[in-house]
2 protein chains.
Amino acid sequence: MTKVIQVAPPRVFSELKPWLQDHYQDLPKRLQSVAVFAMHNPEVIALNTVASISDQVGVTPSAMVRFAKSIGYQGFSDMQTVFQESMRHMPQPYAERLNSMQRSAGREQTVLSQFTQAAAESIARLEQNVAESALLRASEQLAQARMVYIAGQGRAEPVVTYLHYTLVKLGVQSVILSGMHHSMADKARMLKTDDVLLAISFSPYTANTRELVDICLLNKTKVVALTDSTLSPIARADDYHLEVLEEEVSGFRGLSATMCLALCLAVETGRVRAELDEKLNA
Amino acid sequence: MTKVIQVAPPRVFSELKPWLQDHYQDLPKRLQSVAVFAMHNPEVIALNTVASISDQVGVTPSAMVRFAKSIGYQGFSDMQTVFQESMRHMPQPYAERLNSMQRSAGREQTVLSQFTQAAAESIARLEQNVAESALLRASEQLAQARMVYIAGQGRAEPVVTYLHYTLVKLGVQSVILSGMHHSMADKARMLKTDDVLLAISFSPYTANTRELVDICLLNKTKVVALTDSTLSPIARADDYHLEVLEEEVSGFRGLSATMCLALCLAVETGRVRAELDEKLNA
DNA sequence: ACCCAAAGGAAATATTCATTCCAAATAAAC
DNA sequence: GTTTATTTGGAATGAATATTTCCTTTGGGT
């Protein structure tokens with residue numbers, strides 16, 4: 001009989017990883033293949049049958065069983081349960097919100113809980129303060145645009161990146177303006193009247209973004225703005241602006257609510273755009 | 001024979017949900033029990049056997065099969081694959097996400113409220129699942145680094161931008177790796193042993209980031225990873241990883257909880273770094 | 001109260017799948 | 001170069017599990 005590890009095998013996935021790293025060298029060739037595959041595609045191990053997996057790895061089914069046994073498991077199925085267990089993000093079907101609420105009430109605040117609480121509050125406020133209709137109007141503007149130009153600097157830049165990423169995935173043409181090394185005037189010249197500027201800016205409002213908005217409004221180019229207050233210089237009467245205010249924790253402001261709003265805006269734009277495209281084709 | 005739906009059954013979980021909401025009333029009592037359970041515990045359906053599930057629901061095995069067939073599936077196994085697919089985070093094409101969005105639109109939840117709710121839940125779960133100690137350990141690694149190299153692509157890129165922005169503001173030296181047009185090997189060569197790689201990656205995990213982590217670990221360079229599951233290939237035993245799972249709304253995953261965690265990480269790193277500097281000067 | 005159709009339960013059946021076994025191949029030892 | 005141990009592939013086996021069948025129960029309509 002092949003040498004089989006007699007000690008108890010890891011019952012959780014996080015312990016299995018280091019075990020494999022330690023013993024990888026001593027394993028037979030095929031078993032090494034399985035080990036690499038298992039670490040790179042644990043979901044496949046968790047969900048598929050021996051036949052299907054061994055096929056993907058490029059080994060025979062028996063190799064899978066040998067692999068499991070060489071670690072100390074009773075068989076493949078035994079090992080698979082370990083992979084499955086680490087997949088469940090289970091435990092809180094019931095009193096989940098209650099629980100975390102109670103905990104944050106009495107106990108002393110950890111760094112994490114402080115920030116999660118601030119984020120949760122920001123998001124709750126977002127839902128109250130932003131009208132669905134405003135979101136829809138902004139989305140319609142973006143959906144009708146020939147091209148969406150996105151601008152924003154500093155703390156707004158991650159939002160720019162995210163909006164660009166999502167819009168492109170949804171089939172809405174868009175370009176990031178912030179990265180380019182042009183003067184504001186040059187940038188503004190790029191925008192035709194059927195384009196739309198999507199400007200993101202938080203206080204302290206950077207001069208660049210503000211300037212860009214000014215020029216666009218002068219040129220009658222549509223502007224959709226995402227900002228943190230109606231007092232913001234980029235929130236003007238003749239543009240479409242959405243307001244999101246992040247709660248701050250000892251001077252730090254997050255982006256949780258902002259990202260949520262950004263996603264809403266992108267998805268809604270994608271939806272409206274799809275509707276428009278359908279009408280055109282009909 | 002019982003009446004069986006003849007049209008093609010939903011092949012993705014997000015379509016199954018609204019289907020059940022619509023037809024719930026017309027189902028026999030036992031099948032309703034199954035429906036409720038399935039919507040509340042999709043992981044159980046995905047991972048367990050008919051016998052085990054029916055036991056948990058409190059019905060007989062045949063009820064499970066009948067349930068699947070009444071929806072239009074060939075049998076339980078057929079339905080189970082749909083639940084399994086929803087577990088591996090394999091995304092569906094964006095066009096289809098918009099479709100399923102439209103179909104579930106009627107359910108009077110506004111777009112905004114759907115996404116804020118998902119964000120709030122993600123954040124609540126973040127607080128429960130991430131241990132303060134893990135956050136601290138990761139921060140210590142970053143704080144001790146001579147230089148922090150940040151890597152991440154696709155949906156992770158806004159997080160990269162944000163972390164870089166915040167870390168720099170806090171006086172922690174850091175560089176973004178993703179933008180550079182070097183081979184992975186070249187990038188890895190940049191990292192000295194007293195540097196730290198901060199890798200952000202969500203499923204489907206991009207090969208680039210994974211490769212970078214692999215190389216760094218081989219070179220004994222410290223790695224701090226931010227990912228969406230312990231099964232992620234970049235969550236390894238010898239790195240310091242933080243896990244954050246975003247709730248999805250009809251196929252769309254936000255970044256609200258992720259951004260919150262990123263901010264925590266950055267702030268905590270800044271704090272630890274300040275402490276270290278103080279000791280040096282004293 | 002009776003009948004009929006729909007629903008539910010329990011056990012038989014069929015299928016799928018993990019596991020085992022053995023022979024062939026490969027690598028190691030002498 | 002021969003022998004011995006280890007590894008490997010493929011088919012046979014047997015266990016686990018989904019599915020079907022049949023019979024009982026329930027509930028609504030007349």
Side-chain angles (χ1 to χ4, degrees), chain A residues 1-6 9 16 20 23-38 41-85, chain B residues 1-6 9 16 20 23-38 41-85:
Chain A
M1 192 166 182
T2 325
K3 68 179 160 195
V4 162
I5 279 67
Q6 290 297 349
L16 181 56
L20 274 180
H23 297 72
Y24 178 79
Q25 300 295 349
D26 312 331
L27 288 175
K29 211 186 324 178
R30 299 306 151 98
L31 267 42
Q32 287 188 348
S33 311
V34 178
V36 170
F37 183 88
N41 311 73
E43 301 184 1
V44 175
I45 305 283
L47 256 27
N48 293 71
T49 70
V50 168
S52 147
I53 301 168
S54 59
D55 209 44
Q56 295 182 50
V57 184
V59 301
T60 56
S62 29
M64 298 300 305
V65 178
R66 287 202 193 97
F67 175 74
K69 289 204 164 176
S70 74
I71 301 176
Y73 295 107
Q74 286 201 313
F76 172 81
S77 305
D78 188 26
M79 182 184 75
Q80 195 179 40
T81 60
V82 173
F83 279 74
Q84 291 181 339
E85 280 311 313
Chain B
M1 189 168 185
T2 325
K3 67 179 155 198
V4 162
I5 279 68
Q6 290 297 348
L16 180 57
L20 274 180
H23 296 73
Y24 178 78
Q25 299 295 349
D26 312 331
L27 288 175
K29 207 183 333 174
R30 299 307 151 98
L31 267 42
Q32 288 187 348
S33 310
V34 178
V36 170
F37 183 89
N41 312 72
E43 307 94 341
V44 175
I45 305 284
L47 257 26
N48 294 70
T49 70
V50 168
S52 146
I53 301 168
S54 60
D55 210 44
Q56 295 182 49
V57 184
V59 300
T60 55
S62 30
M64 298 302 303
V65 179
R66 289 204 188 96
F67 175 74
K69 290 206 164 179
S70 74
I71 302 177
Y73 296 107
Q74 287 199 315
F76 173 80
S77 305
D78 187 26
M79 181 183 75
Q80 195 178 38
T81 60
V82 173
F83 279 76
Q84 291 182 338
E85 283 309 315

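Values below: every heavy atom of this structure, side chains too, minus hydrogens, waters and symmetry copies. Convention: sequence-line order gives letters A, B, ...; per-chain numbering from 1. Worth saying up front: this structure is predicted, and the values here are computed from it rather than measured.
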Note to self: If I take atom CD from residue B/E85 and atom CD from residue A/E43, how far apart are they, to the nearest 0.5 angstrom?
What the structure shows: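 Reported value, rounded in 0.5 Å steps: 10.0 Å.
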Item checked: From CG (B/N41) to CZ (B/F83), nearest 0.5 Å ->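 Going from CG on B/N41 over to CZ on B/F83, the span is 10.0 Å.
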Next item on the list: Using the test ring pair (Phe, Tyr, Trp, His ring centres under 6.0 Å), find all partners of A/F37 that sit at least two apart in sequence or belong to another chain.
Entry: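 Applying ring pair (Phe, Tyr, Trp, His ring centres under 6.0 Å) to A/F37 gives none.
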Is there a side-chain contact between [X] and [Y] in this structure, where contact means two heavy atoms from C-beta onward sitting under 4.5 Å apart?
X	Y	value
B/H23	B/I71	no
B/V34	B/R66	no
A/L20	A/F67	yes

Measure [atom1]/[X] against [atom2]/[N] and give the value in whole Å, please.
X	N	atom1	atom2	answer
A/M79	C/dA18	CE	C1'	12 Å
B/D78	D/dA18	CG	P	14 Å
B/Q80	D/dT17	CD	P	11 Å
A/I45	C/dA18	CD1	P	11 Å
A/D26	D/dT7	CG	P	11 Å
A/Q32	D/dT8	CD	C1'	15 Å
A/M64	C/dA18	CE	P	9 Å

Notebook entry, point to check: Contacts to DNA chain D from residues 48-59 of chain A, heavy-atom cutoff under 4.0 Å, which residues?
Noted result: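 Under 4.0 Å from DNA chain D: no residue of residues 48-59 of chain A.
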Any protein N or O atoms within reach of nucleotides 20-26 of chain D? Criterion: under 3.5 Å, listing atom names and distances.
from, atom 1, to, atom 2, distance (Å)
D/dT20, OP1, B/K69, NZ, 3.4
D/dT20, OP2, B/K69, NZ, 2.3

Next item on the list: State which residues pass side chain to side chain donor-acceptor pair (under 3.5 Å) with B/D78; sequence neighbours excluded, sorted by chain then number.
Entry: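 Applying side chain to side chain donor-acceptor pair (under 3.5 Å) to B/D78 gives B/R11.
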Item checked: side chain to side chain donor-acceptor pair (under 3.5 Å) against B/S62, all qualifying residues, sequence neighbours excluded ->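 Counting only residues at least two positions away or on another chain, B/S62 forms a side chain to side chain donor-acceptor pair (under 3.5 Å) with B/T60.
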Check: Does A/S52 have any side-chain contact (heavy atoms from CB on, under 4.5 Å) partners at least two apart in sequence or in another chain, and if so, which?
Finding: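 A/S52: side-chain contact (heavy atoms from CB on, under 4.5 Å) contacts with A/N48, A/T49, A/Q56.
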Margin query: Which is more 5' along DNA chain D, the nucleotide nearest B/G75 or the one nearest A/A63? Just name the residue.
Written below: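 The 5'-side residue here is A/A63.
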Checklist line | Nearest-neighbour nucleotide for the A/F76 side chain, D/dT7, C/dG9, C/dA18 considered | finding: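 The closest nucleotide is C/dA18.
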